[in-house]
2 protein chains.
Amino acid sequence: MKQKQQQKSYATREKILTAAEAEFAEKGFYGARVDAIAEASGVNKRMIYAHFESKEKLYSRVLLAVYERFADLDESFMTEDESPIACIRNIVIGSFQSLAESPHLVRSLMWANLMRGNLMPKSDLAKVKAPGIEYIKKQIARGKEMGVFKPDADEYQTVLSLMNFCFSYFSNLHTMSAILETDMNTAEQINKRAEYITSIILEYLCI
Amino acid sequence: MKQKQQQKSYATREKILTAAEAEFAEKGFYGARVDAIAEASGVNKRMIYAHFESKEKLYSRVLLAVYERFADLDESFMTEDESPIACIRNIVIGSFQSLAESPHLVRSLMWANLMRGNLMPKSDLAKVKAPGIEYIKKQIARGKEMGVFKPDADEYQTVLSLMNFCFSYFSNLHTMSAILETDMNTAEQINKRAEYITSIILEYLCI
DNA sequence: AAAAAAAGTAACTAAACGGTTATTTTTCTG
DNA sequence: CAGAAAAATAACCGTTTAGTTACTTTTTTT
């Protein structure tokens with residue numbers, strides 16, 4: 001009952017996706033080479049077209065996976081049993097840790113920004129990220145109810161900060177390291193920054 | 001005394017650079033096409049190679065100009081006669097305004113980050129940005145001396161924030177607009193964010 | 001085990017691309 | 001204004017690249 005065949009087909013599909021993600025993350029859509037993906041995955045180029053029609057569709061498919069993994073990172077900090085302050089702290093520290101471990105992801109999202117929605121998967125980034133956003137909003141609301149956060153603290157701006165302040169440390173690593181003449185890509189520097197971001201956001205939020 | 005010739009030569013050089021900057025900003029190094037630059041500038045392709053040897057050297061040359069314009073933006077906020085608080089505010093508001101007006105610049109710097117120093121001009125980003133950095137440090141020091149800023153406020157982290165918080169609003173416009181389901185690229189949203197960034201940084205700095 | 005179907009391979013193609021050559025036009029110099 | 005020098009043009013070239021074709025091998029079905 002056609003098992004071996006399906007398994008092999010699935011395996012090559014995965015091999016292609018893995019290699020493609022690395023290639024696209026490294027070189028972007030235009031710089032990536034289909035032949036390079038074929039070689040890196042150990043799969044015949046023909047098979048890439050058999051599974052994913054075109055380079056563009058493959059990119060789109062890869063990006064979909066990237067988005068999902070990006071959203072999955074949020075789960076690391078989505079705990080319920082702690083104080084709002086502890087939760088905000090977990091979001092920042094957790095995000096820094098996750099992003100530090102996923103340079104491919106950071107690069108893929110940077111390429112996506114530069115593509116301005118071109119060759120983007122139909123699936124909504126909004127949808128996959130919604131639970132994470134909701135969680136953040138909930139913690140802010142909880143902090144306000146509990147009287148530890150300022151009642152007029154801007155929820156929308158805070159959500160944006162929590163995402164941008166963490167992400168931009170990694171997306172601008174190269175330029176900023178050059179400008180500030182430091183190697184910002186060390187555990188020590190990353191931890192310091194995470195602590196600082198935690199404190200600047202909490203200082204804004206807390207009464 | 002060979003004037004007309006020099007003038008024309010200089011003019012075509014500039015036409016090439018202008019077209020190249022737009023093309024590279026839009027598509028990146030790999031996506032940009034030399035033929036497209038030739039056509040957009042109305043200059044024969046041969047002339048591109050006469051002036052700039054190769055596509056890579058042209059890119060490097062364009063990036064040099066980008067870096068300089070990036071540094072030039074700093075001059076818009078480098079005033080001396082105001083209070084440290086007003087100066088910090090000017091930095092943020094000025095940066096938001098400048099970046100909002102220079103989408104090409106933002107994109108070029110994003111590409112530069114993704115290139116990780118590859119094909120970069122020799123000229124140091126650190127050098128051109130130094131005056132702006134110095135200015136910021138000076139204002140922080142002045143604020144501390146005057147007793148309006150906390151003595152233990154982290155200078156380095158604040159410099160990084162002033163740069164990253166402004167830049168990342170624009171570099172992540174697309175992704176964030178998608179996630180938050182808002183058009184963040186409107187004057188109103190940009191101004192709101194600039195005000196918020198001003199206040200969060202000042203809240204951290206001020207006693 | 002034979003026929004059918006799916007997976008995989010290698011060699012190929014047409015177009016695009018970075019870069020060049022051969023030539024003409026324009027400008028400068030004496 | 002003649003000859004040299006520089007600027008500009010168009011047509012071309014070798015490679016690379018996304019995508020395909022024709023063929024072989026493996027797996028499934030009957």
Side-chain angles (χ1 to χ4, degrees), chain A residues 1-63 111 114-115 118-121, chain B residues 1-63 111 114-115 118-121:
Chain A
M1 51 311 246
K2 59 170 176 171
Q3 272 222 347
K4 216 166 179 177
Q5 209 163 67
Q6 273 184 9
Q7 262 169 32
K8 278 188 83 175
S9 179
Y10 180 78
T12 57
R13 202 188 149 86
E14 288 304 300
K15 276 192 277 182
I16 294 168
L17 279 172
T18 305
E21 193 180 315
E23 176 79 1
F24 283 129
E26 195 53 37
K27 313 235 183 98
F29 177 75
Y30 295 114
R33 299 295 165 227
V34 178
D35 291 274
I37 295 169
E39 206 190 352
S41 59
V43 160
N44 191 282
K45 182 161 67 153
R46 172 69 233 279
M47 286 294 98
I48 294 177
Y49 289 94
H51 281 279
F52 316 86
E53 214 166 328
S54 67
K55 186 187 180 183
E56 308 196 358
K57 294 217 169 126
L58 173 59
Y59 181 73
S60 179
R61 185 55 253 269
V62 164
L63 220 50
W111 294 118
L114 281 163
M115 295 292 239
N118 207 14
L119 308 182
M120 262 13 170
Chain B
M1 49 312 247
K2 58 171 176 170
Q3 272 222 347
K4 216 168 182 176
Q5 209 164 68
Q6 274 184 9
Q7 263 169 33
K8 278 189 85 174
S9 179
Y10 180 79
T12 58
R13 201 188 149 87
E14 289 304 300
K15 276 193 277 183
I16 294 168
L17 279 173
T18 305
E21 194 179 314
E23 175 79 1
F24 283 128
E26 196 53 37
K27 313 236 184 100
F29 177 74
Y30 295 114
R33 299 295 163 227
V34 177
D35 290 273
I37 295 169
E39 206 190 352
S41 58
V43 158
N44 190 282
K45 182 159 69 152
R46 173 68 233 280
M47 286 294 98
I48 294 176
Y49 290 94
H51 281 280
F52 315 87
E53 216 166 329
S54 68
K55 186 188 180 184
E56 308 198 356
K57 295 218 168 125
L58 173 59
Y59 181 72
S60 179
R61 186 54 252 270
V62 164
L63 220 49
W111 293 117
L114 280 163
M115 295 292 241
N118 208 12
L119 307 181
M120 263 14 170

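- Expressed to the nearest 0.5 Å, how far CD1 of B/Ile37 lies from OG1 of B/Thr18 amounts to 11.5 Å.
- When the side chain to side chain contact (heavy atoms under 4.5 Å, CB included) test is applied to A/Arg13, the partners found at least two apart in sequence or on another chain are A/His51, A/Phe52, A/Arg61.
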Atom pairs and distances, donor-acceptor, side-chain atoms in residues 25-34 of chain B, under 3.5 Å, two or more places apart:
from    : atom 1 : to       : atom 2 : distance (Å)
B/Glu26 : OE1    : A/Arg116 : NH2    : 3.3
B/Glu26 : OE2    : A/Arg116 : NH1    : 2.7
B/Arg33 : NH1    : B/Tyr30  : O      : 3.1

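- In this structure, NZ of B/Lys55 is placed 8 Å from C1' of C/dC17, rounded to the nearest angstrom.
- Considering only residues two or more places apart in sequence or on other chains, B/Lys57 meets the side-chain hydrogen bond (donor to acceptor under 3.5 Å, both in side chains) condition with B/Glu53.
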Could you pull out all donor-acceptor pairs under 3.5 Å where a side-chain atom in residues 43-50 of chain B meets a protein atom, sequence neighbours excluded?
from    : atom 1 : to      : atom 2 : distance (Å)
B/Asn44 : OD1    : B/Arg46 : N      : 2.9
B/Lys45 : NZ     : B/Asp35 : OD1    : 3.4

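- Atom-to-atom, NZ of A/Lys8 to C1' of C/dT9 comes out at 12 Å; the value is rounded to the nearest Å.
- With sequence neighbours excluded, no residue forms a salt bridge (Lys or Arg N to Asp or Glu O under 4.0 Å) with A/Lys55.
- Across the protein-nucleic acid pair, B/Ile37 atom CD1 and C/dG18 atom P stand 8 Å apart, rounded to whole Å.
- Remark: B/Ser41 engages no residue in a side-chain hydrogen bond (donor to acceptor under 3.5 Å, both in side chains) (not counting sequence neighbours).
- Note: CD (B/Glu23) to P (C/dG18) measures 9 Å, nearest angstrom.
- One interatomic measurement links the two molecules: CD of A/Glu39 to P of C/dA10, which rounds to 12 Å at whole-angstrom precision.
- One interatomic measurement links the two molecules: CG of A/Asn44 to P of D/dT21, which rounds to 15 Å at whole-angstrom precision.
- Every residue two or more places apart in sequence or in another chain was checked for a side chain to side chain contact (heavy atoms under 4.5 Å, CB included) with A/Ala11, and none qualifies.
- Put simply, B/Ser9 has no side-chain N or O that comes within less than 4.0 Å of OP1 or OP2 on D/dA6.
- Under the 4.5 Å side-chain criterion, counting only non-hydrogen atoms from C-beta, B/Leu58 is in contact with B/Phe24.
- Within residues 45-54 of chain A, the residues that have a heavy atom under 4.0 Å from DNA chain D are, in order of number, A/Lys45, A/Arg46, A/Tyr49, A/Ser54.
- DNA chain C lies under 4.0 Å from at least one heavy atom of each of the following residues of residues 24-34 of chain B: B/Ala32, B/Arg33, B/Val34.
- The distance between atom OH of A/Tyr10 and atom P of C/dG8, rounded to the nearest whole Å, is 15 Å.
- Following rounding to the nearest Å, B/Asp35 (CG) and D/dA10 (P) show an atom-to-atom distance of 13 Å.
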